[in-house]
Protein chains: 2
Amino acid sequence: MATRTRRSQRRTEALSRERIVEAAVELLDAAGESGLTFRALTERLATGPGAIYWHVANKDELLGAVTEAVVAATLAAGPATSTAPSGPARPAGPAGPSRSAGRGASADSPQDAIRAVALGLFEAIEDHPWLATQLALQLSRNPWGSVTPRIFESIGRQVRALDVPESSWFTATSALVHYVLGAAGQNAANGASADTDTGTHTDRAEFLDTVSSAWEELDPEDYPFTRAVADQVRGHDDREQFLSGLDLVLAGITALHSPRG
Amino acid sequence: MATRTRRSQRRTEALSRERIVEAAVELLDAAGESGLTFRALTERLATGPGAIYWHVANKDELLGAVTEAVVAATLAAGPATSTAPSGPARPAGPAGPSRSAGRGASADSPQDAIRAVALGLFEAIEDHPWLATQLALQLSRNPWGSVTPRIFESIGRQVRALDVPESSWFTATSALVHYVLGAAGQNAANGASADTDTGTHTDRAEFLDTVSSAWEELDPEDYPFTRAVADQVRGHDDREQFLSGLDLVLAGITALHSPRG
DNA sequence: ACCTGAACACCGTTCAAGT
DNA sequence: ACCTGAACACCGTTCAAGT
């Protein structure tokens, strides 16, 4: 239920690949991965399945197109021009005071530029939790598609600007991309995670609390580290945590490669 | 076709959760994610769906159990008892002094221990490509399950041994875990990747060649970096590449935290 | 307690037919 | 060229019924 927003312009616009992709994003955002079905799509677009299949080969291709569209928009725009009122702002968190601070102004150092790209992807995944899985699939299964090169390029250019020797470009860029996508993805699904056998989590704080508590109850013999770390899970600010990890990888790159530590 | 291996002990053993998990792993290994269906499972186990549902709540729980079983076996065993010397040792980055070297002998430094755990997961994903996606899902959607703590613990203990200050345990361990899972996952699907609109790839060398060629044909204006890096993709050794990236993250950790660089 | 198997609701995809 | 919509094969899941 509740999946019946807009249904206005039935035949105002003709069907097109773009309109299909747009509708698919809306369905994914509203109901997650399982919300995107050809049934729901035909209903929303007021057509039959055949019409959609004329513009798109199959569901996999549609998911690819959807992912590419969101990534392209993200990397073109940079991080949050923060789309106005999407929910109750951000949890704010104790986070850093200034940090990359600069909103409008483009980053000045390569490190800052990488942070900006990373934050852009982080926020895109935050807004579209389904994106994490799709990106992982694109990266591994379809590296010749356009989304992998796009992400690689936007981060790799800055790696080059870091004066990393060319022989290490691929390794350094890969490490950054894997961290960014992994960490952002982990953060993602939490927000909208549905019910599970453990209970139902409405908001993120409660979710983290559940995780933290579960970890604290692990066997002290087998899980001393995880137990010790459980408390850090509870209070942490996601964005902060994400950027700290990124700085770790950046530090590794400069430590191994930079002329000057 | 060809999915009809063993069908011997129809009623030799009673149905059990373990037998179901075992059969599920076999199906996943043989035919990938889409190969695991309750139909195929009932056929292989010579029962009806109801019997399976008596031991397992639903497909998600089954996938969770399957993932946990493989991870538990992997982390208990350590990396490849296996497959002889694959490739020329390590690139010997400038990093640590002695490097691991040791095969049989359990790792001596925390870095080596982390490399061992990482390699174990790398190889598990290599053997079970479907594991990459499942692990990502477990990490993000189900961190209170047992697989997340298990991975976290095995890597985190070594982070602690690295004399990282406690306030950074979570960040450092997260960065490592994300890198390991992301990089191993990227490597994974390639091996068995089926056909796509670009063609059909039987073996890995051909796959990499396709990717490399596709990247070389990108617009020089928009993708200078990716084009420049395309060649490195072709020749590289996966394991090598994987360990280099890991060393990058390790270098970042020691650079930021270690009493001694 | 454990298993059977028919049945249900739903899914991606096809295709002859229309305009 | 673009769209319709019935139909197909298949899926996860349920449940009355058996032992």
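Below, chain A is the first sequence line, B the second, and so on; all start at residue 1. Not measured: the values here are computed from a predicted model.
Note: CD (E33(B)) to C1' (dC11(D)) measures 15 Å, nearest angstrom. Counting to the nearest Å, the P atom of dG5(D) and the CD atom of E43(A) are 14 Å from each other. One atom, CG of N58(B), and another, C1' of dC15(D), lie 17 Å apart when rounded to the nearest Å. To the nearest angstrom, C1' of dG12(D) lies 20 Å from CH2 of W54(B). Atom CZ of R19(B) and atom P of dC2(C) are 15 Å apart (whole Å). Y53(B) has its OH atom 3 Å from the P atom of dT13(D), to the nearest Å. Atom CG of L45(A) and atom P of dT4(D) are 10 Å apart (whole Å). I52(A) places its CD1 atom 10 Å from the P atom of dT4(D), with the value rounded to the nearest Å.
Aromatic rings from F225(A) and F170(B) are positioned such that their centres are separated by 6.0 Å or more. The ring of F122(A) has its center closer than 6.0 angstrom to the ring center of F242(A). Separation of the Y53(B) and F38(B) ring centroids falls under the 6.0 Å cut-off.
Closest approach to the T37(A) side chain among dT4(C), dT13(D), dC11(C) is made by dC11(C) (side chain taken as heavy atoms from C-beta onward). Picking from dT13(D), dC3(D), dG5(D) the nucleotide with the shortest atom distance to the side chain of P49(A) gives dG5(D). The listed nucleotides are dT14(C), dT4(D), dA7(D); the one nearest the side chain of R39(A) is dA7(D). Out of dT13(C), dC3(D), dT13(D), the shortest distance to the side chain of L15(A) is found at dC3(D). When distances run from any side-chain atom of A14(B) to the nucleotides dT13(C), dC3(C), dT4(D), the shortest one goes to dC3(C).
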Before you tell me yes or no, could you show the steps for D231(B) and W215(B) under side-chain contact (heavy atoms from CB on, under 4.5 Å), namely the whole-Å CA-CA distance, both residues' side-chain angles and the distance that decides it to 0.1 Å? CA-CA 9 Å; D231(B) 198 48; W215(B) 284 15; over 6 Å; no
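Across every strand in view, dG18(D) sits in a pair with dC2(C) that passes the Watson-Crick or G-U test at under 3.5 angstrom. Nucleotide dA7(D) forms a Watson-Crick or G-U wobble pair with dT13(C), both donor-acceptor distances falling under 3.5 Å.
Nearest-nucleotide positions on DNA chain C place F38(A) closer to the 5' end than the other of G50(A) and F38(A).
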Using residues 65-73 of chain B as the side-chain source, report each donor-acceptor pair under 3.5 Å to any protein atom, sequence neighbours left out, with the distance given to one decimal.
{"from": "T67(B)", "atom 1": "OG1", "to": "L63(B)", "atom 2": "O", "distance (Å)": "2.8"}
{"from": "E68(B)", "atom 1": "OE1", "to": "S146(B)", "atom 2": "OG", "distance (Å)": "3.1"}
{"from": "E68(B)", "atom 1": "OE2", "to": "S146(B)", "atom 2": "OG", "distance (Å)": "2.9"}

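Distances shown here put every side-chain N or O of H55(B) at or beyond 4.0 Å from the OP1 or OP2 atom of dA1(C).
Within 4.0 Å of L36(B), counting heavy atoms only, lie sugar-phosphate atoms of the nucleic acid but no base atom.
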